[in-house]
Structure formats: structure tokens, C-alpha cells
Protein chains: 2
Amino acid sequence: MSRNTKDKRTAAELPPELTQARRFGKTRTAQSRALLEDYVELISDLLATGGEARPTDVARRLGVSHATAIKTITRLKREGLATGLPYRGVFLTETGHALAERMRTRHRLVVNLLVALGVPTEIAEADAEGIEHHVSDATLKAFSQFLQISASTRASRKS
Amino acid sequence: MSRNTKDKRTAAELPPELTQARRFGKTRTAQSRALLEDYVELISDLLATGGEARPTDVARRLGVSHATAIKTITRLKREGLATGLPYRGVFLTETGHALAERMRTRHRLVVNLLVALGVPTEIAEADAEGIEHHVSDATLKAFSQFLQISASTRASRKS
DNA sequence: ACCAAATTGTAGACAAGGCTACATTACAAG
DNA sequence: CTTGTAATGTAGCCTTGTCTACAATTTGGT
Ligand SMILES: [Mn+2]
Ligand SMILES: [Mn+2]
Ligand SMILES: [Mn+2]
Ligand SMILES: [Mn+2]
């Protein structure tokens, strides 16, 4: 029990199969969070624009049945991301709101990057809806730096 | 029945909620294909390097139990992507092989793009494992063009 | 105040993807 | 050729995410 109590070794020295397994595991986790993230972002959107988020609207925007939406919203509540009383619409908790903000930023950054690389807006928007859930903070930062640089390059070329 | 038999109208003129619903739907589809894509790519890998793809190896590389791997492999067979007899390892059909090649290309391109944007390799590799399944052909092309351009830019700067 | 329509909720089914525990088969060492 | 071990397969359970069908509630128009 003396060595490796925590095992903080990073990829390089580990068996390659373990590294790969870890990557796949991360992807599975991201997968399972993705749906919640989309719901929260969407609810936040509805709340911001219309002042309320009704399950029906959520369902229509997501393209699922209202029963499905309600069930997932129940899960949101169970996981402490949303609140709301029966027949009274959905609201976000502090955590939910924070997550929504994070997702909104991600979403926009991913779309902007794709567009900057020449992807048509509509396609960028569609791809981003999936990609956003798999972009780590490090990658997100890289995106944002690239966007800044390419913006300033464009600016300086104008002179 | 005269109008809109096929409804080929593209996003612009459609109700925005429908557009959004369509995007989410695409993402859901991609999600459900993602696992098969990873399996097929991995099997192809094992086949290429070791000559055989045993369920146990697949399981270990993916970080799931062998029972899970076997079940998913059954699904691969059911969907015409893989073959193989009991106790005899897994092989890929023509379609399976083609999909594996497509995924390998995607995977590499996504990793290369991320690295080109300054993401550390290990993180790029991890993120790509999720992103690759949500990158449309149009976006993929944009990635590859960006990589070409940035490569040639680097080359010409050397002169 | 009433009623019809919209919204919300509930029930029950199904497939996918994960797990553990147990059963079977193959293989290699002796 | 026996036998122990590794690999493979099977069974049964759980959760998530989807649906349809039906029930209950709320709400807006008269
Ligand atoms: Mn999304
Ligand atoms: Mn989004
Ligand atoms: Mn992958
Ligand atoms: Mn991959």
C-alpha cells in the first residue's frame, strides 16, 4: 500500500490500453451529461426570452414527445439542476444556471470556431450541438485563442 | 397533398423551433451511431496490428466488461458491420471495414486540427474520441483545408 | 360559471448500454 | 490425456431515453 495510493501518473508511462480505456470512459461520461446540458441550456434560453419554460415548449424545441421532456426534467430536478412545482413550469437552480451559462459560452465558441474555419453557419450550428459536449477546457481555450488571433490578424491586414 | 410532399425547404424559411429540433435530432442520431463507430474502428485496429480481434481485448481497450463488449459485438453483427463464429474472434464486413476507414480518417483529422490549434496531444486525443462522431463532412473538409493552408504557410515562412 | 382545448402528468412498453454472476468452451502445460 | 486457466458466452438486473395512450389539471373564451 506504499506505492501508487493515488496513481497520479499521467498517460505517458501507463499501459497504452489503459490510456485508451480512460479516453473512452471520458467520452461515455460526456455522453451521459450531454442531454442534461442541452436541456439546461434550452430552459435557460426560454426563461431568458419568454420569461417561462414550459415542458411543452422544451419538448417541441428538442423534437421529442412531451412525456419524454417531462421525464428528463424530473431527472434535472433530481440532480439539483432545476426546480418547479406541478403545472407551474420549470426553473433553474443556481447550479443549473451556472451550467447553462457554461454551455452557452461553449456553444458559441464552437460555432464561432467552425465558422472561422469556413463552415457554413447552419452546418456549424448543427455540428456544434454535438461537439460542444466533448470539448475540454483546454481545447476551449485553444479555440478562443485562435479566434482572437485570427481576429487581430484580420484587423491588422486592413492597415 | 399538392404542396410540400417532400418538404425540401432548408432551415432559413422554416419555423426556428423546427430547425432547432432537427439539429437536436441529428445529434441524437450521431450519438446512437457513435458506439458502433468506436467498436468498428477499434476492431479494425486490432485486426491490423495483431491479426485478430478478441472480445476480451476489445473490452479491455474500451474499459468495459467483456459481457458488454460481446453484447455490442452482437449488435455489430446484427447491423451487418461484423462477422465471426463463436469462440473464433471478430471480423469486419465490407461495410464495417469501410466505416472503420472513414472513422480512422476522421479521428486523425480531428486530432491534427486540435493539435494545430495548440491543444496538447493527449487532450486532443481524448477530446477527438467524442468530437469525431459529430463532425459533418462539410466540417471535416474545412478542417482538412485549414490544415493544408497552415502547413503551406509554415513551409513558405521558412524561406 | 362553464366548457373545450391546451397543457401537464402517469403508465407501460421497448431498445441500448452498462454491470455482476455463473456456465461453457478452448488451450496449453504437465 | 488430464486438468487448470483464460476466454467466451449467457442470464438477469439496472438506468437512461424514447415512444404511445390515457388521465388530470389549468386556462381562456363565452
Ligand atoms: Mn448540445
Ligand atoms: Mn448547445
Ligand atoms: Mn470515438
Ligand atoms: Mn476514434
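Model, not experiment: these values are computed from the prediction.
We find that CG of B:L85 is positioned 15 Å from C1' of C:dA26, with the value rounded to whole Å. For the pair B:I70 CD1 and C:dA21 P, the computed distance is 17 Å after rounding to whole Å. Whole-Å rounding puts the B:R33 CZ to C:dA16 C1' distance at 16 Å. One interatomic measurement links the two molecules: CG of A:L36 to P of D:dT15, which rounds to 16 Å at whole-angstrom precision. If you take CD1 of B:I73 and P of C:dA16, they are 16 Å apart, rounded to a whole angstrom.
For the contact set between residues 40-68 of chain B and DNA chain D, defined by any heavy atom under 4.0 Å, the members are B:R54, B:P55, B:T56, B:H66, B:A67.
Closest to the side chain of B:Y87, from the set C:dT7, C:dA26, C:dG18, is C:dA26.
Using a cutoff of 4.0 Å between basic side-chain nitrogens and carboxylate oxygens, A:K26 and B:D127 are not scored as salt-bridged. Using a 4.0 Å cut-off between charged side-chain N and carboxylate O, A:R61 and A:D38 make no salt bridge. Checked for salt-bridge contact, B:E122 and A:R23 meet the test: a charged N lies under 4.0 Å from a carboxylate O.
Residues A:K71 and A:R28 each lie close to DNA chain C; by heavy-atom proximity, the contact nearer the 5' end of the strand is made by A:K71.
Here A:R78 lies in heavy-atom contact (under 4.0 Å) with sugar-phosphate atoms only.
The phosphate of C:dC27 (OP1 or OP2) has a side-chain N or O of B:R88 nearer than 4.0 angstrom. Contact annotation: A:R75 does not reach the phosphate of D:dT18 (side-chain N/O to OP1 or OP2, under 4.0 Å).
Under the side-chain hydrogen bond (donor to acceptor under 3.5 Å, both in side chains) criterion, no residue pair touches residues 81-90 of chain A, with sequence neighbours excluded.
Remark: aromatic rings of B:F146 and A:F146 are close, center separation under 6.0 Å.
Remark: A:E17 CD to B:L62 CG distance equals 11.5 Å, nearest 0.5 Å.
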